[in-house]
Amino acid sequence: MKRQIFTADHEAFRETVRTFLAKEVTPHYAQWEQDGIVSRDAWRAAGRQGLLGLSVPEEYGGGGNPDFRYSAVLAEEFTRAGAPGLAVGLHNDIVGPHLTTLATDEQKRRWLPGFCSGEIITAIAMTEPDAGSDLQGIRTTATDHGDHWILNGSKTFIPNGILADLVIVVARTTPEGGAHGLSLLVVERGMDGFERGRNLDKIGQKAQDTAELFFHDVRVPKKNLLGELNGAFVHLMTHLAQERMGIAVAGIAGAEHLLEITTRYVKEREAFGRPLARLQHIRFEIAEMATECAVTRAFLDRCTADHSAGELDAVHASMAKWMGHRTAQTRRRPLSATPRRIRLHG
Ligand SMILES: Cc1cc2nc3c(=O)[nH]c(=O)nc-3n(C[C@H](O)[C@H](O)[C@H](O)COP(=O)(O)OP(=O)(O)OC[C@H]3O[C@@H](n4cnc5c(N)ncnc54)[C@H](O)[C@@H]3O)c2cc1C
């Protein structure tokens with residue numbers, strides 16, 4: 001089915017992304033997977049290519065275009081290239097909106113130019129060893145010392161955790177406040193007491209530096225509060241639809257990529273004197289896969305268009321996230337014989 005949500009400008013951007021991936025990412029990716037981390041040069045190259053800060057105002061060096069369809073193109077192409085390790089989606093679509101919508105003018109001047117050039121790599125740190133789904137259980141505390149906070153605690157499962165120069169940390173600023181006692185504090189590379197822990201071993205995303213972070217009496221200046229004091233929960237909820245859509249788009253792009261290479265494989269591979277694609281059961285499998293991809297794609301394109309128009313609600317964003325990744329996951333089993341170079345997000 002012909003996709004209808006992209007214009008010629010989006011497709012031109014897609015070509016730019018493909019060229020970038022072919023030149024700056026794919027040749028290095030196997031090495032990055034071995035290293036468990038991507039190179040900082042790739043981030044700077046992404047910045048030079050205009051792939052960072054797509055929605056950041058131009059005065060700070062960004063693309064100045066909040067149209068989510070450009071982010072969707074990025075997610076699709078990174079997934080097709082099997083290169084989730086360079087976490088530009090996290091940087092652009094999850095951390096980015098917090099900086100553009102919550103930062104003061106002074107904070108924007110300090111952080112956004114580096115955010116767009118790739119000099120400042122970012123992360124967001126919510127999860128703790130004892131607080132994952134239930135953010136109310138966060139134990140990292142920030143105590144008020146006049147012109148600064150003293151931050152203590154730890155985080156885990158933090159993508160970009162090793163590379164990050166700027167980390168938005170969710171910390172408890174009001175002990176009895178429950179969900180409404182949490183604030184967003186920006187911790188920067190080099191602050192005394194801010195230490196990285198292990199770069200965690202994972203079953204996927206091997207080139208992605210997902211790490212533990214530790215805070216021992218870190219002095220965080222008051223000017224590094226992002227948004228409202230005790231407003232973290234509301235701030236985090238505000239951008240959830242975009243976070244979900246980024247994950248959804250990567251999911252369906254992964255499923256389509258698997259369909260494409262599997263179809264190629266069953267046409268090439270011969271058994272019992274003919275290509276696998278001539279066997280009826282294989283044809284059933286491919287037909288099912290193609291149907292699931294097409295139906296999911298139609299729904300996700302609609303959600304992408306709605307989100308770009310500012311009209312996507314939380315319910316449909318959640319449906320999109322679930323459906324996008326379910327379509328990719330249910331197709332893992334029959335694909336077990338296909339080439340090993342497939343890399344999805346999981
Ligand atoms: C790809 C990826 C990227 C991530 N990026 C970030 C990031 O940028 N920043 C960050 O801070 N964290 C990040 N995380 C961590 C993520 O936020 C946590 O893994 C998630 O919140 C779940 O927490 P947990 O792993 O501690 O599991 P838990 O919350 O301990 O949940 C364990 C299990 O308990 C069950 N469970 C939980 N809640 C319920 C419920 N209400 N009802 C029934 N069962 C339930 C579920 O079966 C669940 O699998 C990332 C994780 C992944 C996989």
Side-chain angles (χ1 to χ4, degrees), residues 33 36-38 43 71 75 78-79 82-99 115 120-142 151 153-172 178-179 182-187 194 196-215 226 232-233 235-254 314 317-318 320-322 324-326 328-329 332 343-346:
E33 287 203 316
I37 194 164
V38 308
W43 279 93
S71 293
F78 271 70
T79 302
L86 186 62
V88 297
L90 165 70
H91 184 80
N92 280 346
D93 302 326
I94 299 178
V95 177
H98 288 98
L99 295 180
F115 179 94
I120 296 180
I121 300 169
T122 62
I124 185 161
M126 303 165 273
T127 309
E128 300 184 357
D130 294 315
S133 311
D134 182 11
L135 280 187
Q136 293 190 54
I138 280 180
R139 292 186 189 168
T140 295
T141 56
L151 183 69
S154 65
K155 300 287 178 181
T156 191
F157 305 149
I158 309 304
N160 285 347
I162 302 292
L163 284 173
D165 305 288
L166 180 159
V167 184
I168 299 177
V169 177
V170 184
R172 182 160 295 290
L182 301 169
S183 301
L184 303 179
L185 302 185
V186 172
V187 172
F194 171 31
R196 326 278 165 153
R198 288 175 301 157
N199 186 357
L200 300 165
D201 191 18
K202 309 186 294 303
I203 56 170
Q205 301 199 9
K206 293 286 187 187
Q208 221 300 300
D209 54 316
T210 304
E212 300 168 316
L213 305 179
F214 297 101
F215 311 101
L226 191 61
F233 205 74
H235 294 327
L236 292 169
M237 296 293 285
T238 304
H239 298 297
L240 262 183
Q242 174 137 313
E243 183 172 339
R244 288 172 174 145
M245 281 309 297
I247 295 167
V249 169
I252 181 59
S318 304
K321 178 181 173 184
W322 181 79
H325 266 268
R326 202 195 74 145
Q329 284 165 5
R332 282 205 155 167
R343 285 184 214 99
L344 275 185
H345 280 223

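Predicted model, so just to flag it, every value in this text is computed and none were measured. Remember, it's 1-based here, ligands and their atoms both numbered in the order they're listed.
Nearest approach of Gln242 to Pro97, heavy atoms of both residues: NE2-CG, 3.6 Å.
Remark: among candidates Ala164, Gly137, Ser133, Gly161, the nearest residue to atom 38 (N) of ligand 1 is Ser133, based on non-hydrogen atoms.
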Asp209 and Asn160: CA distance, side-chain angles, deciding distance, side-chain contact (heavy atoms from CB on, under 4.5 Å) verdict: CA-CA 5 Å; Asp209 54 316; Asn160 285 347; 3.7 Å; yes
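Contact annotation for Val170 and ligand 1: no heavy atom of the residue comes within less than 4.0 Å of the ligand. No part of Ala131 comes within 4.0 Å of ligand 1, judged by heavy-atom distances.
Side chains of Lys155 and Ile138 form a contact here, defined as non-hydrogen atoms less than 4.5 Å apart. Between Val170 and Thr140 the shortest side-chain heavy-atom distance does not fall below 4.5 Å.
Residue Ile158 places no N or O, backbone or side chain, under 3.5 Å from any N or O of ligand 1. Looking at ligand 1, you'll find an N or O of Thr127 within less than 3.5 Å of one of its N or O atoms.
Numbered from 1 in the order shown, with element, the atoms of ligand 1 that lie under 4.0 Å from a heavy atom of Ile124 read 7 (C), 8 (O), 9 (N), 10 (C), 11 (O). Ligand 1 places these atoms under 4.0 Å from at least one heavy atom of Ala125: 11 (O). For ligand 1, the atoms sitting less than 4.0 Å from at least one non-hydrogen atom of Pro159 are 3 (C), 4 (C), 5 (N), 6 (C), 7 (C), 8 (O), numbered in the order shown with element in parentheses.
Of the possible donor and acceptor atoms, none in the side chain of Arg139 sits under 3.5 Å from a partner among the backbone N and O of Ala131.
Ring-centre distance between His239 and His98: below the 6.0 Å cut-off.
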